[in-house]
Amino acid sequence: AQSVTQLGSHVSVSEGALVLLRCNYSSSVPPYLFWYVQYPNQGLQLLLKYTSAATLVKGINGFEAEFKKSETSFHLTKPSAHMSDAAEYFCAVSYFGNEKLTFGTGTRLTIIP
Amino acid sequence: EAQVTQNPRYLITVTGKKLTVTCSQNMNHEYMSWYRQDPGLGLRQIYYSMNVEVTDKGDVPEGYKVSRKEKRNFPLILESPSPNQTSLYFCASSLTSGRIRGRTNEQFFGPGTRLTVL
């Protein structure tokens, strides 16, 4: 069975500050990991994905995430927050040969001017 | 434009009145799926379809039905809606890349349907 835990349902950072959103996974087989972003009143958009290639993954809008097998983590970071980053972020896990995504409960990111 | 579309986007209905939420994709994807999103619970899979005429239950299938008669369409049917089905629903699709070595199963999501059952 696979699962995802996102620590912190709400995170607030100042504009220009580092963004760090935490995701830990549980999977009995090598995982595929994803970060999705949901802007208000919109569907989910893929930010980045890990597929067993490079452990540091770069995504859109300046976000990146690092896969750490020893910590079973896939935290999302951005060096400098922008007001447009305010949204809800979801971490998700699946594995090769299975299209099913298991999502975390989401983290709502607020940017303070 | 490659996209997943859902209709309606907003729906208010009453308990017991059958409804259908449509989902269509124009990317020739084999895999389609329905999720519901509830505060504090994230997204949970309701049903999925690996291809035409192939559907299966997800994590929360009770009270829902689906059909996949055509590759592009995957409607979600609530035969007798109840207030606990008030939620935000998302349809998603992917090229069944989970089975293809070296590819990933990225899913593309529709804009969502906000359903309220009174």
Side-chain angles (χ1 to χ4, degrees), chain A residues 1-10 21-25 27 29-54 57 59-60 65 67 74 87-108, chain B residues 2-7 9-10 21 23 25 29-51 54-61 74 88-114:
Chain A
Q2 56 199 34
S3 65
V4 172
T5 302
Q6 290 184 242
L7 293 176
S9 58
H10 291 84
L21 304 182
R22 299 179 186 275
C23 173
N24 288 87
Y25 70 92
S27 176
V29 297
Y32 288 169
L33 292 157
F34 305 81
W35 275 100
Y36 282 86
V37 60
Q38 183 181 28
Y39 297 106
N41 299 315
Q42 294 186 28
L44 278 72
Q45 178 183 1
L46 182 68
L47 269 180
L48 49 81
K49 59 191 178 189
Y50 166 76
T51 61
S52 76
V57 181
I60 61 172
F67 172 70
F74 190 58
E88 188 153 22
Y89 292 80
F90 292 94
C91 183
V93 63
S94 69
Y95 56 91
F96 175 76
N98 187 331
E99 290 81 1
K100 178 183 176 179
L101 283 172
T102 299
F103 285 87
T105 53
T107 297
R108 184 169 298 278
Chain B
Q3 59 183 350
V4 179
T5 57
Q6 295 178 226
N7 281 293
R9 293 289 312 278
Y10 302 89
V21 184
C23 172
Q25 50 90 8
H29 284 171
E30 290 187 347
Y31 180 88
M32 297 186 75
S33 179
W34 277 102
Y35 296 87
R36 59 177 288 172
Q37 181 183 7
D38 301 290
L41 297 177
L43 282 81
R44 295 176 292 167
Q45 190 180 55
I46 303 171
Y47 268 94
Y48 65 95
S49 170
M50 302 290 279
N51 212 328
V54 181
T55 63
D56 207 346
K57 297 177 180 178
D59 297 319
V60 288
F74 190 45
L88 180 58
Y89 291 87
F90 288 101
C91 181
S93 73
S94 71
L95 187 66
T96 318
S97 51
R99 299 189 203 152
I100 301 173
R101 187 172 297 281
R103 296 285 297 276
T104 59
N105 45 350
E106 174 183 347
Q107 290 190 30
F108 296 84
F109 284 79
T113 295
R114 186 167 294 281

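The figures here come from the full heavy-atom set of this structure, side chains too, leaving out hydrogens, waters and symmetry mates. We name chains A, B, ... by the order of the sequence lines, and we start the count at 1 in each one.
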To the nearest 0.5 Å, atom OG1 of A:T102 lies from atom CD of B:Q45 at 8.0 Å
Check: Do A:L44 and B:L43 come within less than 4.5 Å of each other through their side chains, counting heavy atoms only?
Finding: yes
So, the part of B:Y35 with a heavy atom under 4.5 Å from chain A: the answer is side chain
B:F90 meets the ring pair (Phe, Tyr, Trp, His ring centres under 6.0 Å) criterion, sequence neighbours left out, with none
Across all chains, not counting sequence neighbours, the salt bridge (Lys or Arg N to Asp or Glu O under 4.0 Å) partners of B:R44 are B:D38
If one checks every heavy atom of A:Q45 against chain B at 4.5 Å, the contacting part turns out to be neither
When rounded to the nearest 0.5 Å, the distance separating OH of B:Y10 from CG of A:N41 is 4.5 Å
Of A:Y36, A:F90, A:F34, A:Y39, the one forming a ring pair (Phe, Tyr, Trp, His ring centres under 6.0 Å) with B:F109 is A:Y36
Applying a strict 4.5 Å limit to non-hydrogen atoms, the region of B:R114 in contact with chain A is neither
Applying a strict 4.5 Å limit to non-hydrogen atoms, the region of A:Q6 in contact with chain B is neither
Turns out that what part of B:Q6 lies under 4.5 Å from chain A's heavy atoms comes down to neither
